[in-house]
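All heavy atoms count here, side chains included; hydrogens, waters and symmetry mates do not. Keep in mind it's a predicted model, so treat the numbers as computed, not measured. Every chain is numbered from 1 and lettered A, B, ... according to where its sequence line falls, protein lines coming before strand lines.
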Amino acid sequence: MEHYYDPQNIERDAQAFWTDHRSFAARDTLEGEKFYCLSMFPYPSGKLHMGHVRNYSISDAIARYQRMLGKNVLHPMGWDAFGLPAENAAIANKTAPAKWTYSNIGHMREQLKALGFSFDWERELATCTPEYYRWEQWFFTRLYEKGLVYKKMATVNWDPVDQTVLANEQVIDGRGWRSGALIERREIPQWFIRITAYAEELLNDLDKLEGWPDAVRTMQRNWIGKSRGVELAFGLEQVIAGQERIEVYTTRPDTLYGVTYVSLAAEHPISLALAADKPELAQFIKDCKLSSVAEADMAQAEKRGMDTGLRCIHPLTGEQVPVWVANYVLMDYGSGAVMAVPAHDERDYEFACKYDLPIKTVICDEQGQPADVTESAYTDKGALTASGDFDGLGFDEAFERIAARLEELGAGKITTQYRLRDWGVSRQRYWGTPIPMLNLPDGGEIPIPADRLPSLLPEDVIMDGVASPIKADPQWRKFDLDGQACERETDTFDTFVQSSWYYARFTCPEFADGMLDKEQADYWLPVDQYVGGIEHAILHLLYARFFHKLMRDEGLLSSDEPFTRLLTQGMVLKDGAKMSKSKGNTVDPQSLIDSHGADTVRLFSLFAAPPDQSLEWSEDGVEGAHRFVKRLWRLAHEHTDKGPAPGLDTGALGDAERDVRRKIHETIAKVSDDMGRRQTFNTAIAAIMELCNELGRLPGDSPQSRAVLQEGLDAVVRMLVPIVPHICHHLWGLLSGDGDVSYAPWPSVDETALVRDSLEIVVQVNGKVRARMEVPADADKDALETAALAQENAQRFMEGKTVRKVIVVPGKLVNIVVG
RNA sequence: GCCGGUGUGGUGGAAUUGGUAGACACGUUGGAUUCAAAAUCCAAUGCCCUUAAAGCGUGCCGGUUCGAGUCCGGCCACCGGUACCA
């Protein structure tokens, strides 16, 4: 026997075998049952981190399991290669983003190969190549033609010192991360895709996604935020900024009589018009703009406001209502104005208390009395009060009658609104897909014609840290359109655009005649299993669902949803915190691969926690995983060193052998369920460990003992292929398995091996365990009850008491209720 | 702030449909082996208690039930997202 487990050799040999045999190339013949298993592709940041290792260990386990079930498996890998970090690295290292990115890709590809993931490397793609992004540009021009794309003013973080737009994460405590300057909100023209046109379908189709975690579906549902409400207007006595009235939207028209003021966003046209001759208001508006655009910052900022002095007219009472400007009202949402009902809305309540504005109760509590709002707002629904003709009505009737009254008066109507906003895709950055639009000399814009695509991003550039190289280069902007001099758009796409369709391009990465080869796309799509971090639950997954529907409506594919089943993996923690360079708590996968082998790293990643929970990294845990792999190696070698095992004769087994054989088949049943339905690889591994412990305890070298051990090891090796494929490749050959173990059939359960003669049943008295008893497996309820009542220790607790009830759960327990 | 999630021994976790809390692994302790150590193997290991029995025990408070880690109500802490990080 070879004397020790040597992962380096075993893993090198297995990987060479897979490469030589093209083991993981998906068949593109469109035949057979397919399984498309996809993990979220990485941003090529430099080297793999533990989050990647975990993500790909999970998807590889699923892909390999499906191969063993006989499916034609597509398990591709590529690179989400555009993005902000490349620009930062380029400035820091004085290299071009392209060079840095391609070099990172090269290194990370080798690391992924060293981990033995069964990716189909023949389909690799990187989103920063023109072969990829040209189709994204083409698709955007198609959306433009269909009216699904438009340009409007939108808010960004402006760094007044660096004269540049910052991402939200580049704004720290309201200041630019490089300049330290106070950031201000600024409006610039940007391109948008009309995701709101698909809001209803995106919402309704969530019900079809039964293979998605409920948490993700709920989050998306809330994000889309469909609501039924009333759009209404407060009149103005004179026209201001071209407006005769202030439009607001409310889901609580039943509280309309409780309105005590109206709030405008700082950027609202009326606010700006009033500020023209009110210096203190102008100053307040200026102050309001000193904050990042991030919702989390805005919502937690202290609520501030200022009375404009303007009064508007309540549409039902005709009373005058003061108009305020408030920093918590956002111009980008709805109409940029809200009606404030402090008695029945928490934010308005806080604001009214601060500025001593009136609070008027118009809803009754559960006792039918006007709600008490001396301590806090009353936000429950209830009967109306102090609401004119509408007193006493419940929410539903009040909603309808008030809406009808507003409609009669021409002051409002019932509408459906979505919280979801159109997708702003413009970025004022260099390292991204150039937006394929042309600015015409007369001010309009048109798409770059399809035959002039791609609009190439120059790769050989120098980053100075301020201006985008394509914005700084007047030559790049020049575009001759049939003799007409135009200018290219110098903004680039949001990187979410690339990640919204890469899963589809993997079905035909080389296709040169279009965005997708429909035949391939329709065979492979939808993705059967998608695996990635929970942090993508809303944005990436919603944009990808949206793009799928856009591609469907363009006739590029036929399905309605991109991902049938979704697994959102948890984060990898060290000492209870997310691994990060700044915290200094990172663990480098490479050094572990070098010291313990890829199998150990994969095993620990899958064993330490269920995939959807966070995983606490532990050096000791890695050692434990390594020990198990070594034990397995030794168990198999000690067995095969004794020569070939005799054939199994199930009629000739002793009790101990029958027990072990039952364990083998119980384990196959459990592991199959854990791998397939439950996707709890940690419990699958624990069950296999238990089986190995029992196999190690098999008594003696009798022929039937050896035959059972052979059967057990064969099953263990097959079940571990998805988890520790290298050692299984090695052991499979050793146990004289035929062919490539990557395609060995998944083991099946022998039902006859599962039969039991007797079971252990728990006896409880008043719900507490007082005895255990061994009973025949086929004992009926009466027999269980009789046997339980006869238990000595149970009787001790029944003494002097009356048996009220006996509950029998066959196969589990008997509970004797006494009192 | 808002939306979603998580909380179980010294540690990571298990308990799948309301039915034996702590599987599996780590750590620790004791033993075997060894000149010695490493490695390996065996045993013990929730808390309280000298042992056994009993009692206690799944973030906190309360409820439903014969029975609650699991269901319901109210809190607390931490994590993810919050539309320009990916």
Side-chain angles (χ1 to χ4, degrees), chain A residues 40 42-43 45 80 83-85 156-157 165-171 190 213-216 218-223 225 292-301 303 328 332 346-347 350 420-429 494-496 499 533-540 542-543 568 570-571 573 576-578 604 607-610 612-625 627-628 630-631 634 670 673-674 677-678 680 682-683 685-690 693 760-764 766-769 772 793 796 804-807 809 811-813 815-819:
Chain A
M40 290 181 186
Y43 179 78
S45 54
D80 188 12
L84 205 48
V156 294
N157 300 306
V165 174
L166 297 184
N168 284 334
E169 76 157 7
Q170 296 174 312
V171 181
Q190 307 204 60
D214 285 337
V216 175
T218 304
M219 280 190 268
Q220 292 212 351
R221 203 169 280 125
N222 292 339
W223 185 261
S292 100
V293 300
E295 192 202 77
D297 294 338
M298 309 272 269
Q300 281 172 99
K303 286 166 192 49
Y328 68 90
D332 287 348
E346 270 158 32
R347 285 199 314 183
E350 195 189 318
L420 181 69
R421 310 197 302 263
D422 276 337
W423 180 10
V425 292
S426 295
R427 296 293 179 270
Q428 295 69 43
R429 281 183 260 289
D494 178 6
T495 55
F496 277 127
S499 56
I534 183 68
E535 66 272 21
H536 295 292
I538 295 176
L539 292 181
H540 162 60
L542 189 65
Y543 291 142
T568 50
M571 289 188 311
L573 310 178
K578 188 175 179 172
F604 178 74
F607 179 61
D612 56 343
Q613 300 291 314
S614 61
L615 180 155
E616 175 67 30
W617 195 265
S618 147
E619 289 305 314
D620 287 335
V622 173
E623 288 302 329
R627 227 172 289 167
F628 171 72
K630 284 195 282 189
R631 265 201 297 271
R634 211 165 41 239
K670 169 157 181 62
D673 190 40
D674 286 353
R677 178 181 65 89
R678 295 218 303 155
T680 51
N682 57 327
T683 54
I685 293 165
I688 295 169
M689 285 176 169
E690 271 188 70
N693 291 343
E760 191 184 71
I761 296 284
V762 159
V763 181
Q764 298 180 333
N766 284 349
K768 295 198 172 171
V769 179
R772 290 158 205 280
N793 200 50
R796 272 183 54 198
R804 306 278 178 200
K805 201 194 253 185
V806 178
I807 287 140
V809 183
K812 296 267 183 191
L813 58 78
N815 186 14
I816 303 162
V817 184
V818 299

*Asks:* Does A:Arg634 make a side-chain N or O approach to OP1 or OP2 of B:rC41 shorter than 4.0 Å?
*Replies:*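 It does, given that an N or O in the side chain of A:Arg634 lies less than 4.0 Å from OP1 or OP2 of B:rC41.
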*Asks:* How should the glycosidic conformation of B:rG7 be described, syn or anti, under the criterion that syn lies within 90° of 0?
*Replies:*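 B:rG7: anti glycosidic orientation.
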*Asks:* Work out how far the C1' atom of B:rU40 is from that of B:rU34, and round it to whole angstrom.
*Replies:*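 Each nucleotide's C1' atom is 11 Å from the other's.
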*Asks:* What string of B, S and - do you get for nucleotides 19-29 of chain B, 5' to 3', if B is base contact, S is sugar-phosphate-only contact and - is no contact with any protein heavy atom under 4.0 Å?
*Replies:* BBS-BBSSS--
*Asks:* Please state the C1' separation for the pair B:rA23 and B:rG13 - nearest whole angstrom.
*Replies:* 10 Å
*Asks:* Report yes or no: do A:Ser292 and A:Asp297 form a side-chain donor-acceptor pair below 3.5 Å?
*Replies:* yes
*Asks:* Using a 4.0 Å heavy-atom cut-off, write out nucleotides 80-86 of chain B from 5' to 3' as B (base contacted by protein), S (sugar-phosphate only) or - (no contact).
*Replies:* BSBBBBB
*Asks:* Mind pulling the stems RNA chain B is in, i.e. runs of at least three Watson-Crick or G-U pairs, everything under 3.5 Å?
*Replies:*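 In RNA chain B, stems of three or more pairs: B:1-7 with B:76-82, B:10-12 with B:24-26, B:27-32 with B:40-45, B:59-63 with B:71-75.
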*Asks:* Are A:Trp617 and A:Phe604 near enough that their ring centres are under 6.0 Å apart?
*Replies:*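 Yes; A:Phe604 has its ring centre under 6.0 Å from that of A:Trp617.
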*Asks:* Would you indicate what A:Arg796 reaches in the nucleic acid, counting non-hydrogen atoms under 4.0 angstrom: base, sugar-phosphate, or nothing?
*Replies:* sugar-phosphate
*Asks:* Checking side-chain polar atoms at under 3.5 Å, does A:Asp80 have a donor or acceptor matched by the opposite partner on A:Ser499?
*Replies:* no
*Asks:* Checking all strands, does A:Lys303 fall into the base, sugar-phosphate, or nothing category for heavy-atom contacts under 4.0 angstrom?
*Replies:* nothing
